[in-house]
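Bear in mind that the values here come from a model prediction, so they are computed numbers and not experimental data.
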Amino acid sequence: MPTLTMDAEWKDNEKAMRVDMMDAAAEMLEAAGLKDVKTYDHGCNPGLGIHEMGTARMGLDPKTSVLNKWNQVHAAPNVFVTDGAFMTSASCVNPSLTYMAFTARAVNYAVDSIKKGNL
């Protein structure tokens with residue numbers, strides 16, 4: 001049975017963004033009056049973050065997206081993706097309720113599709 005094997009790593013851009021975030025945070029703290037601000041970065045690996053997003057874009061065209069509007073994989077209609085992968089951007093708030101809402105929506109669509117014999 002085929003299995004999905006994934007390999008992920010941080011590239012130069014992600015590493016540079018981490019440094020920029022640390023520097024910006026230190027600058028804001030110093031501007032607020034804190035003294036002797038020190039930054040640190042112990043590193044981490046992809047998959048250890050709780051809100052990683054954007055690896056399975058949602059869209060109408062299978063040539064430019066992985067999922068349709070129901071979070072259904074274009075190339076595999078019996079597969080639905082409802083974690084953060086379908087969200088190509090994020091705000092500064094916790095996305096968990098959005099995941100839950102899209103999951104409920106996708107499940108409802110899948111159940112209806114099964115009942116109609118389309119899935």
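Considering every non-hydrogen atom in both Lys69 and Arg105, the closest pair reads O-NH1, 2.6 Å. When all heavy atoms of Tyr109 and Gln72 are compared, the pair lying nearest together is CE2-OE1, 3.5 Å.
Residue pairs meeting the side chain to side chain donor-acceptor pair (under 3.5 Å) criterion with at least one partner in residues 14-29, sequence neighbours excluded, are Arg18-Asp41.
Using a 4.5 Å heavy-atom threshold, the side chains of Asn68 and Leu60 count as separate.
By the side chain to side chain donor-acceptor pair (under 3.5 Å) test, Thr103 is found to be paired with Thr82, residues two or more places apart in sequence or in another chain being considered. Every residue two or more places apart in sequence or in another chain was checked for a side chain to side chain contact (heavy atoms under 4.5 Å, CB included) with Ala25, and none qualifies.
Connection of Leu67 to Met53 is established within a shared hydrophobic cluster, with ILVMFWY side chains joined at heavy-atom distances below 4.5 Å, either directly or through further cluster members. Taken together through direct or relayed side-chain contacts under 4.5 Å among Ile, Leu, Val, Met, Phe, Trp and Tyr, Tyr99 and Val81 form part of one hydrophobic cluster. Linking ILVMFWY side-chain heavy atoms closer than 4.5 Å, directly or via other members, places Met87 and Met58 in a single hydrophobic cluster. Using a 4.5 Å cut-off between side-chain heavy atoms of Ile, Leu, Val, Met, Phe, Trp and Tyr, with links allowed through other members, Trp10 and Met17 fall into different hydrophobic clusters.
The closest donor-acceptor contact from the side chain of His74 to the backbone of Gly59 lies under 3.5 Å. Of the possible donor and acceptor atoms, none in the side chain of Trp70 sits under 3.5 Å from a partner among the backbone N and O of Asn108.
Note that the OG1 atom of Thr39 and the CG atom of Leu29 stand 10.5 Å from one another [nearest 0.5 Å]. We find the CG-CZ distance between Leu119 and Phe80 to be 5.0 Å, quoted to the nearest 0.5 Å.
Aromatic ring orientation, Phe102 versus Phe86: tilted (interplanar angle from 30° to 60°).
No more than 12 heavy atoms of other residues, nucleotides or ligands lie within 6.0 Å of CE in Met100, so this atom counts as exposed by the packing criterion.
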